[in-house]
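Scroll down for the structure; my scribbles are underneath it.
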Amino acid sequence: MQINHDKLRELACAVIDTELAAVAALRDRINDDFIKACDFMLDCSGRIVVIGMGKSGHIGSKIAATLASTGTPAFFVHPGEASHGDLGMITDKDVVLALSNSGETGEILTILPLIKRRHVPLIAMTGRPDSTLAQCASAHLDVSVEREACPLGLAPTSSTTAALVMGDALAIALLEARGFTAEDFAMSHPGGLLGRRLLLHVSDIMHTGSAIPTISESALISEALIEMSAKGLGMTAVTNDSKQVVGIFTDGDLRRVLAQEVNIHTEPLSAFMTRGCKTGKPDMLAAEALELMQRFKINALIILNEQQQLAGAINMHDLLRAGVV
């Protein structure tokens with residue numbers, strides 16, 4: 001089959017233009033009903049129960065996930081399953097958000113009397129303000145579209161996009177109203193990059209105790225090299241007689257020593273170590289340690305406690321393994 005590539009591009013652009021228009025039309029629908037829907041959700045002491053059939057169900061499931069991850073507890077219930085037992089998941093403390101483009105979805109209309117009997121607020125998101133579902137709702141969100149992006153006018157395209165955007169508008173409005181923060185978001189996404197950046201502390205990944213490479217400033221360079229090789233962090237902390245950290249000796253320092261053809265078996269470490277090195281704290285975020293290391297172009301960091309005593313050590317490989325980089 002011969003394909004006209006220009007025609008494909010034209011069709012794709014037409015879809016995007018149609019859906020852009022559908023989304024833009026939503027701005028005028030952020031009305032009193034939208035505010036009422038937000039108030040119902042903010043006052044909800046239970047959870048937001050999202051229902052929808054078919055493509056509306058897929059959109060509803062995503063909206064429920066977005067609400068849940070942004071501070072508004074929510075879950076999705078399939079309306080077909082609801083009439084066969086799952087309706088028991090809805091309590092009198094919940095709010096129901098029902099999605100149906102036609103507003104006449106049979107499976108949803110079947111359970112409407114049971115939802116009403118629980119006296120829970122019903123928020124409807126439909127494309128027909130005069131539909132049964134819209135008329136029964138405590139608040140109606142109009143997501144009607146002029147036309148679907150499908151040239152046949154059959155496949156839900158513009159309508160599902162409009163519903164998804166309206167759901168995002170609800171979730172983000174509630175997020176702001178609740179004062180939801182990036183740290184709150186990270187708590188519900190501990191496995192994601194943001195979670196690792198905002199929840200992981202240096203104390204969670206640093207080497208401690210005997211695993212910390214440590215050498216006396218009175219030692220020879222060769223002794224420091226043995227300690228570095230044994231601990232494998234590419235550096236060693238250097239301490240004085242009082243066990244206070246006075247500097248660091250790194251792989252970079254060693255390369256500079258070797259470039260000068262210094263006898264590592266006779267020369268003291270104190271003449272070649274880096275004094276006044278950068279240090280971190282156990283309670284600092286691992287992401288902060290990464291930023292510090294990147295800013296000063298260093299690959300390892302000595303960690304001191306509040307008494308300025310040696311508490312641990314990390315290097316760039318530790319941050320990589322932890323998924324912070």
Side-chain angles (χ1 to χ4, degrees), residues 1-31 33-34 37-38 48 50-70 72 74-80 97-108 123-131 133-134 140-176 180 182 185-186 188-189 191-197 323 325:
M1 180 173 61
Q2 189 173 5
I3 300 175
N4 186 322
H5 291 173
D6 289 337
K7 184 62 174 178
L8 291 177
R9 292 190 185 93
E10 180 184 337
L11 289 170
C13 289
V15 169
I16 293 172
D17 289 340
T18 301
E19 297 204 10
L20 280 172
V23 170
L26 295 178
R27 294 181 64 89
D28 295 332
R29 317 238 185 96
I30 306 301
N31 51 24
D33 267 34
F34 180 87
C38 288
I48 310 302
V50 186
I51 61 175
M53 282 293 295
K55 300 299 187 295
S56 291
H58 293 307
I59 298 300
S61 181
K62 191 275 179 184
I63 291 174
T66 301
L67 287 167
S69 68
T70 53
T72 301
F75 65 93
F76 177 79
V77 172
H78 190 287
L97 172 60
L99 281 73
S100 170
N101 187 44
S102 68
E104 302 294 344
T105 302
E107 291 85 351
I108 294 179
I123 301 168
M125 191 182 294
T126 83
R128 288 180 51 198
D130 59 345
S131 64
L133 180 58
H140 175 246
L141 303 176
D142 182 0
V143 290
S144 58
V145 298
E146 183 176 341
R147 65 179 187 277
E148 297 286 6
C150 167
L152 300 177
L154 298 175
T157 45
S158 301
S159 58
T160 50
T161 299
L164 183 61
V165 172
M166 184 64 82
D168 286 342
L170 277 174
I172 302 308
L174 295 173
L175 176 153
E176 289 286 344
F180 195 78
F185 187 88
S188 60
H189 296 75
L193 178 60
L194 179 62
R196 290 191 292 275
R197 285 184 172 274
V325 180

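For this chain, numbers begin at 1 and follow the sequence in order.
- Checked options T18, T160, V15, N101; the residue passing with E148 is N101 (criterion: side-chain contact (heavy atoms from CB on, under 4.5 Å)).
- Side-chain contact between P129 and H140: present, with at least one pair of heavy atoms (C-beta onward) separated by less than 4.5 Å.
- More than 12 heavy atoms of other residues, nucleotides or ligands sit less than 6.0 Å from atom NZ of K62.
- Taking all atoms of both residues into account, the shortest heavy-atom contact from A64 to V50 is CB-CG2, 3.8 Å.
- Remark: D28 pairs with no residue by the side chain to side chain contact (heavy atoms under 4.5 Å, CB included) rule, at least two apart or across chains.
- The side-chain heavy atoms of M166 and L26, taken from C-beta on, include a pair separated by under 4.5 Å.
- Closest approach of A162 to V145, counting heavy atoms only: CB-CG1, 4.0 Å.
- Here F75 contributes atom CZ and L67 contributes atom CG; the two are 12.5 Å apart, rounded to the nearest 0.5 Å.
- Heavy atoms only, all atoms of each residue included: S131 and G103 are closest at OG-CA, 3.4 Å.
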inquiry  = As a quick check of understanding, evaluate side-chain contact (heavy atoms from CB on, under 4.5 Å) for I59 and I63, giving each step before the final call.
reply    = CA-CA 6 Å; I59 298 300; I63 291 174; 3.9 Å; yes

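- Side chain of T72 to backbone of A68: no donor-acceptor contact under 3.5 angstrom is found.
- Contact check for L170 versus L141: side-chain heavy atoms found under the 4.5 Å cut-off.
- Under the 3.5 Å distance criterion, with hydrogens and angles disregarded, a donor-acceptor pair is assigned to the side chains of E19 and T161.
- The minimum heavy-atom distance linking A134 with A124 is given by the pair CA-CB, 4.3 Å.
- A donor-acceptor pair is defined here as one N or O able to donate and one able to accept, closer than 3.5 Å; no such pair exists between the side chain of D17 and the backbone of L20.
- Counting only heavy atoms from C-beta outward, the side chains of E104 and L133 never approach each other to under 4.5 Å.
- When all heavy atoms of I108 and A98 are compared, the closest pair comes out as CG2-CB, 4.3 Å.
- Distance check: K55 NZ to L99 CG gives 14.0 Å after rounding to the nearest 0.5 Å.
- Residues meeting the salt bridge (charged side-chain N to carboxylate O under 4.0 Å, His left out) test with D142, sequence neighbours left out: R29.
- Separating the CG atom in L174 from the OG1 atom in T66 is a distance of 11.5 Å, to the nearest 0.5 Å.
- Rounding to the nearest 0.5 angstrom, the gap separating the OG atom in S159 from the CG atom in L164 is 11.5 Å.
- The two residues S100 and T105 make their nearest non-hydrogen contact at OG-OG1, 2.6 Å.
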